[in-house]
Amino acid sequence: MSSPTATLLISCPDQKGLVAKIANFIYSNGGNIIHADQHTDFAAGLFLTRIEWQLEGFNLPRDLIGPAFNAIAQPLQANWQLQFSDAVPRIAIWVSRQDHCLYDLIWRQRSGELTAEIPLVMSNHPQMEAIAQQFDIDYYHIPITKETKIEQEARQLELLHQYRIDLVVLAKYMQILSPDFIAQFPKVINIHHSFLPAFAGANPYQRAYERGVKIIGATAHYVTQDLDEGPIIEQDVVQVSHRDEVTDLIRKGKDLERIVLARAVRLHLQNRVLVYGNRTVVFA
């Protein structure tokens, strides 16, 4: 869409008249709503919505939309986020030794499928530098040990601020982020196989093969202080059979990881993911 839009993601205690109040805020300021979706979580007593409108003809300048809406949101006890479609996020991709998700994200960004900039790749290993150089992306090798973790995470945070990064994507980055890091930079998406918790740790595909699993999958989620238990954005599965060897399981698993991670990143970039508690509503 050539005309820029504004999007509000809102969660608040469920009550009568919410749709009318939010829509009237946009209508009364001359806005044209082009997408609106909503969900009520009755168990949590929450109303959740995504509403998008054209900025062309909207009476409020961008810097006043937030303060004006906040006057409505406060009496509703609402949590809200405001984003603009022509603001291009900046992504840092973190990797270890596997390159399939790194290549996939860069290809999708270069082809225009992901509306973002990728100025930075970081890794705890040196092997992926040639890939970053191939696409003219800055690469930083930051090895992590138990003894250097605090110091190196401080360096990572420094680089994220230096490059004005909005989102970190862990594209098979095989390190655990500390609670302190997550507290300082919470916008992180991770991808992993869906064998957890049955096949945690090393060689999960080998152990899944030995158990004769019939379905393998991948999960993309936001990173929290609870390892691999953050709010889930996207998942998918594929069936396997007795004819599949370990190499087949790994190949199918990598395919799923590429697709699921790309979907999750795209949904995040399009402001379609609303997090509440340890859950998400994904507005397709």
Side-chain angles (χ1 to χ4, degrees), residues 1-91 113-117 164-169 185-189 220-224 230-234 262-284:
M1 180 179 296
S2 58
S3 177
T5 63
T7 300
L8 275 168
L9 288 171
I10 306 164
S11 64
C12 65
D14 190 29
Q15 53 199 285
K16 292 181 179 180
L18 289 172
V19 174
K21 289 179 181 178
I22 296 167
N24 187 62
F25 165 76
I26 298 168
Y27 169 75
S28 63
N29 287 291
N32 179 39
I33 296 172
I34 57 173
H35 295 293
D37 200 354
Q38 66 191 61
H39 171 68
T40 301
D41 186 329
F42 290 102
L46 286 176
F47 172 81
L48 310 111
T49 187
R50 178 187 188 272
I51 190 162
E52 183 177 4
W53 71 96
Q54 292 176 313
L55 286 169
E56 183 178 353
F58 197 62
N59 297 331
L60 293 175
R62 297 190 188 201
D63 60 335
L64 294 183
I65 297 175
F69 181 74
N70 194 52
I72 297 171
Q74 283 190 335
L76 302 177
Q77 303 178 54
N79 295 314
W80 57 276
Q81 306 167 43
L82 174 66
Q83 304 289 344
F84 301 106
S85 63
D86 55 359
V88 181
R90 293 168 63 83
I91 296 176
E113 184 178 326
L114 297 177
T115 304
E117 296 177 8
R164 307 189 315 279
I165 297 301
D166 300 297
L167 175 69
V168 169
V169 179
F185 197 97
K187 290 188 177 180
V188 182
I189 293 176
H221 63 92
Y222 290 113
V223 174
T224 64
I232 293 170
I233 307 169
E234 180 67 23
R263 288 176 186 165
V265 172
R266 183 166 56 249
L267 288 165
H268 176 92
L269 295 175
Q270 293 176 344
N271 306 304
R272 296 184 180 276
V273 186
L274 199 164
V275 178
Y276 67 107
N278 202 43
R279 301 185 64 184
T280 63
V281 169
V282 180
F283 298 106

| request: Could you please spell out the steps behind the side chain to side chain contact (heavy atoms under 4.5 Å, CB included) verdict for R62 and L55? | output: CA-CA 9 Å; R62 297 190 188 201; L55 286 169; 3.7 Å; yes
| query | After noting the C-alpha distance and the side-chain angles of N70 and W80, does the key distance pass the side chain to side chain contact (heavy atoms under 4.5 Å, CB included) rule? | reply | CA-CA 9 Å; N70 194 52; W80 57 276; 3.2 Å; yes
| request: Begin with the C-alpha distance, continue with both residues' side-chain angles, and end with the deciding distance and a verdict on side chain to side chain contact (heavy atoms under 4.5 Å, CB included) for L269 and T115. | output: CA-CA 7 Å; L269 295 175; T115 304; 5.6 Å; no
| query | Passes side chain to side chain contact (heavy atoms under 4.5 Å, CB included), I33 versus Y27? Steps please. | reply | CA-CA 8 Å; I33 296 172; Y27 169 75; over 6 Å; no
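Taking CG of L76 as the start and CZ of F69 as the end, the distance is 7.0 Å to the nearest 0.5 Å. A distance of 9.0 Å separates CG in L114 from CD in Q270, rounded to the nearest 0.5 Å. Separation of atoms NZ (K21) and CD1 (I26) is listed at 15.0 Å; rounding is to 0.5 Å. The CG atom of D41 lies 12.5 Å from the CZ atom of F47; values are rounded to the nearest 0.5 Å. Considering CD of Q83 and CZ of R50, their distance stands at 10.5 Å, rounded to 0.5 Å. Rounding to the nearest 0.5 Å gives a distance of 8.0 Å between CD1 of I91 and NE2 of H268.
Residues I10 and I22 approach most closely at CD1-CD1, 3.7 Å, considering heavy atoms. A pairwise comparison of heavy atoms in P4 and S85 identifies CA-OG, 3.4 Å as the closest pair.
The side-chain contact (heavy atoms from CB on, under 4.5 Å) test with F185 singles out one residue from V168, V223, L167, and that residue is V168.
The number of heavy atoms from other shown groups lying within 6.0 Å of CD (E56) does not exceed 12.
Using a 4.5 Å cut-off on side-chain heavy atoms (C-beta onward), Y222 and I189 make contact. N271 has its side chain out of reach of F283: every pair of non-hydrogen atoms, C-beta onward, lies at least 4.5 Å apart.
Checked by atom type and distance alone, the side chain of D166 pairs as donor or acceptor with a backbone atom of R90 at under 3.5 Å. At least one donor-acceptor pair closer than 3.5 Å links the side chain of T49 to the backbone N or O of D37.
The aromatic rings of F58 and F25 sit perpendicular, their planes meeting at an angle over 60°, well past the 30° parallel limit.
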